[in-house]
Structures are given as C-alpha cells and as structure tokens.
Amino acid sequence: MIEIKGLEKSFGNLKVLDNIDLTVNDGEIYGLVGKSGAGKSTLLRCINGLESYSGGSVKIDGVEVNKLDRNALRNYRKSVSMIFQDFPMLSRKTVYENIAFPARCWKYDKAKIDKRVRELSELVGISDKLEQRPGKLSGGQQQRVAIARALIMEPKILLCDEATSALDPVTTRAILRLLRDINEKLGITIIIVTHQMSVIKEICQKVTLLEKGKLVISGQVEELFMDQPDVLKTFLGEEKFQLQTTGANLQIVLTEENDSRKIISKMARDLNVDFTIINGEMERYRDKYLGSLLLNFDEADCKKAEKYLSENNIIWRYYNADGEEN
C-alpha cells in the first residue's frame with residue numbers, strides 16, 4: 001500500500017506539492033491527472049525516491065521513503081520501476097540486451113536473466129524482436145521494450161509518466177490494454193500520470209486531479225463521472241449545455257446497472273409525457289459504459305418525471321436555463 005499524507009515539496013520559493021493526501025491500495029491502477037506543471041511527475045519522483053520532500057509522509061508498505069539510507073533506497077528502487085513518454089533505449093544494444101540491462105547491473109545469474117527476458121518479451125508481445133535494434137522498431141514496440149525492461153526486476157509498483165503521450169490513439173489503446181493485462185496477471189500496482197482523461201477512463205479504477213500542486217478532487221473514476229463535479233468539468237474544458245430557454249431541463253445518468261435508457265421510454269408511456277432530447281453521450285469506463293441524456297420537459301411534467309426517476313433509482317440533475325445545476 002502507498003500512503004501519502006500532508007506531502008509538501010518546494011523548489012526554492014516555488015511550492016510544487018501542497019498538502020497532498022492519497023492512498024493507493026495494492027493491485028490498483030491509479031491515475032494522476034492534471035495540466036502541465038500541476039505536480040504530477042514530481043509526486044511520482046517522491047514515490048520512487050528520486051526526490052526528497054520537505055514535509056509530510058510517503059510510506060510504502062509502512063516504510064517512510066524519506067528515511068531510507070543510501071543502500072536501503074537503492075534496494076527499494078528495485079521494487080518501484082518507471083516508464084516514460086520517450087522510452088529511452090540503448091541504441092547500440094539489441095532488444096534482448098535492453099530488457100536485460102537492469103538485471104545485469106545487479107549481477108543476476110545469466111540463466112535467470114535469460115529466462116526472465118524471454119518470459120517478459122512473450123508477455124509484452126515482442127518475442128520475435130529480441131535480436132533487433134530499437135531503431136528498427138515502431139514507437140509502440142519500443143514502449144513494449146521499455147515496459148519489459150521495467151518489469152525485469154519483478155517490481156511491486158510500476159510508475160508510468162505520460163507513457164502513452166507520444167503514441168497514436170490506436171497504439172495508446174494497445175499499450176493500455178497491455179498494462180491492464182500486466183496488472184491482472186502479475187498483481188502489480190500501477191500509477192499512471194497523464195493529462196489525457198481518455199487514458200483515465202480506459203484503465204484506471206481511481207483518479208486524483210492535481211492543480212498547481214494541490215489535490216483538487218479524488219475518487220473512483222465512475223463515481224466522479226456520475227457526480228460530475230464542477231472542478232472536473234473545468235479541467236476537461238466542457239462548455240455549458242446549450243439548454244432550452246423554456247420548460248425544464250433534466251440530465252439523466254445512463255448506467256448499465258439501471259439500464260436507464262429503457263426506463264426513459266417506459267417513463268414516457270407510464271406518465272404520458274413528452275420530452276425533447278437535447279444532448280446525449282456514451283463512453284466506456286474500463287469494462288462499463290456510462291453516459292447521460294439531457295432532456296427538456298414542459299414545466300408541468302418536470303416534477304412528475306423527477307419523482308418517477310427517483311422512485312426507479314435513476315440519477316438525475318435539474319438545470320436552469322443558464323446551465324447551472326440546481
């Protein structure tokens with residue numbers, strides 16, 4: 001478990017982390033999202049011990065990272081690996097040698113290294129590339145090499161710093177599927193730093209939004225989507241709904257559990273009410289699809305619709321003509 005409490009970090013007079021509290025449970029895929037300069041990468045570097053911190057606490061399985069001596073910190077970093085946006089490779093070495101490099105630095109047994117390299121190359125899908133040089137590989141293949149190299153020391157935690165930002169959308173989805181597969185097969189805790197909400201939706205179970213070094217909001221990805229707090233809407237740059245200036249506007253959250261889409265047509269029949277669909281969207285969050293519909297009712301029908309939706313456990317929100325939630 002990663003426990004961070006009251007974390008403070010400054011560079012000179014610039015405070016880059018301000019009273020950060022968060023907990024990452026073993027085996028979770030956790031997202032850190034925010035704009036450039038929010039403090040995401042600095043937080044990762046505090047977790048893996050590359051940066052010290054001036055206040056607060058970072059504990060991994062109860063061990064305070066800031067209190068580790070040089071030798072203990074070196075051993076600790078074996079359990080915390082990291083992959084980056086630019087997947088740096090040793091250009092004169094083969095893929096096999098790139099993957100094996102960390103284990104060779106630690107003077108692991110050659111037979112054990114060979115077995116581990118071949119297992120990992122199979123896991124990440126590059127077993128046929130072991131004798132090639134990195135320059136011959138695509139960006140996605142190079143990132144797979146970087147992931148295999150990060151796993152060679154059998155870490156408990158994998159930190160991903162904008163690991164998909166340099167990849168095209170199709171390759172990004174493939175790498176995210178790979179990371180999720182690794183999480184499920186190996187039980188590794190994964191923390192992903194990104195500025196792309198699409199990455200969070202695709203793979204993460206929990207997410208923390210950072211802004212100017214402060215924790216703005218944190219929670220389960222699906223719950224935050226359904227709650228739709230204003231700070232999240234601001235980060236995403238979402239514009240206000242183009243609402244009808246007459247009648248009443250209700251936004252209904254669509255979930256697989258409640259099958260909200262069916263209840264809407266059933267409501268129209270049961271209550272004998274008419275409405276206009278103003279806007280709608282549906283997105284995937286890991287294995288689930290969540291969405292929303294914005295409906296406009298006559299004022300006289302709105303209260304009946306609200307009561308009906310509540311009785312059927314459907315999440316709804318009322319918006320006035322200015323787009324403000326009431």
Side-chain angles (χ1 to χ4, degrees), residues 1-32 34 37-88 90 98-109 112-113 116 120 146-163 179 182-183 186-194 204 206 208 210 213-215 218:
M1 177 183 289
I2 302 171
E3 297 176 282
I4 300 174
K5 295 182 179 179
L7 187 63
E8 305 275 344
K9 173 68 180 177
S10 298
F11 293 114
N13 294 324
L14 177 63
K15 181 170 283 191
V16 292
L17 295 174
D18 188 358
N19 195 31
I20 302 296
D21 289 330
L22 63 89
T23 299
V24 182
N25 295 314
D26 292 340
E28 282 184 338
I29 303 180
Y30 200 106
L32 297 174
K40 308 183 300 296
S41 296
T42 301
L43 180 53
L44 280 197
R45 292 170 67 85
C46 288
I47 292 172
N48 69 8
L50 289 174
E51 293 282 358
S52 60
Y53 38 94
S54 54
S57 172
V58 177
K59 290 184 178 180
I60 311 297
D61 294 332
V63 177
E64 181 67 57
V65 176
N66 235 16
K67 293 183 178 179
L68 295 174
D69 61 29
R70 185 173 181 179
N71 287 333
L73 185 59
R74 184 169 181 265
N75 281 298
Y76 162 73
R77 287 184 182 141
K78 290 169 62 178
S79 66
V80 183
S81 287
M82 198 160 179
I83 57 175
F84 303 89
Q85 177 180 348
D86 54 358
F87 32 84
L90 300 169
N98 269 277
I99 297 172
F101 182 74
R104 286 177 174 172
C105 290
W106 280 87
K107 297 181 170 39
Y108 276 33
D109 177 75
K112 182 178 180 179
I113 292 175
R116 185 70 176 155
L120 290 173
I147 293 171
R149 183 176 59 191
L151 298 175
I152 192 73
M153 304 301 294
E154 301 183 74
K156 295 180 180 179
I157 301 168
L158 180 62
L159 308 178
C160 306
D161 193 359
E162 300 282 6
L179 289 173
I182 289 168
N183 167 260
L186 304 182
I188 293 176
T189 302
I190 299 178
I191 300 179
I192 296 180
V193 156
T194 182
C204 294
K206 295 180 182 178
T208 286
L210 295 176
K214 294 185 177 182
L215 191 157
S218 188

Between R116 and L151 (side chain of the first, backbone of the second, donor and acceptor by atom type, cut-off under 3.5 Å), is there such a pair? yes
Any side-chain heavy-atom pair of C160 and I83 under 4.5 Å: yes
Gap between atom CZ of R104 and atom CD1 of I99 - 0.5 Å precision: 11.0 Å
Under the side-chain contact (heavy atoms from CB on, under 4.5 Å) criterion, do V63 and Y76 qualify, and how do the steps go? CA-CA 10 Å; V63 177; Y76 162 73; over 6 Å; no
Rounded to the nearest 0.5 Å, what separates atom CD1 in I191 from atom CG in L43? 7.5 Å
For the residue pair L210 and A38, what are the closest heavy atoms and their distance? O-CB, 3.4 Å
For residues W106 and N75, determine if any side-chain heavy atom of one lies less than 4.5 Å from a side-chain heavy atom of the other. yes
CZ of F101: more than 12 outside heavy atoms within 6.0 angstrom? no
Verify side-chain contact (heavy atoms from CB on, under 4.5 Å) between K40 and E162, making sure each step is shown before the conclusion. CA-CA 10 Å; K40 308 183 300 296; E162 300 282 6; 4.0 Å; yes
N/O donor-acceptor pair under 3.5 Å between N25 side chain and M1 backbone: no
For P102, is there any backbone N or O sitting under 3.5 Å from a side-chain donor or acceptor partner on R149? no
Working to the nearest 0.5 Å, report the span between CD of E154 and CG of L120. 8.5 Å
Whether E8 side chain and N19 backbone form a donor-acceptor pair below 3.5 Å: yes
Identify the two heavy atoms, one from C46 and one from L7, that lie closest to each other, and give their separation to 0.1 Å. CB-CD2, 4.3 Å
When rounded to the nearest 0.5 angstrom, what distance separates CD1 in I147 from CG in L179? 4.5 Å
If you look at every heavy atom in I20 and G213, which pair is closest and at what distance? CD1-O, 3.3 Å
Given L32, which partner from the list L215, V24, V193 fulfils the side-chain contact (heavy atoms from CB on, under 4.5 Å) test? V193
Qualifying residue, where the test is side-chain contact (heavy atoms from CB on, under 4.5 Å) with L44 and the options are D161, I192, L50: D161
Can you confirm whether V65 sits close enough to I47 that some side-chain heavy atom of one is under 4.5 Å from a side-chain heavy atom of the other? no
Check A150 against P155 and note the closest heavy-atom contact, atom names and distance. O-CG, 3.5 Å
Scan side-chain atoms only and decide if Y30 and T208 contain a donor-acceptor pair under the 3.5 Å cut-off. yes
Side chains of K156 and D61, heavy atoms from C-beta outward: is any pair under 4.5 Å? yes
Mind listing the closest non-hydrogen atom pair of E64 and S57 along with its distance? OE1-OG, 2.6 Å
According to side chain to side chain donor-acceptor pair (under 3.5 Å), who are the partners of T194, at least two apart in sequence or on a separate chain? none
Taking atom OG of S52 and atom CG of L73, what is their separation to the nearest 0.5 Å? 10.5 Å
Could you check whether any side-chain heavy atom of I60 comes within less than 4.5 Å of a side-chain heavy atom of I157, counting everything from C-beta outward? yes
When rounded to the nearest 0.5 angstrom, what distance separates OG in S54 from CG in N66? 9.0 Å
Closest heavy-atom pair, E28 versus N183, reported as atoms and distance to 0.1 Å, is O-ND2, 4.0 Å
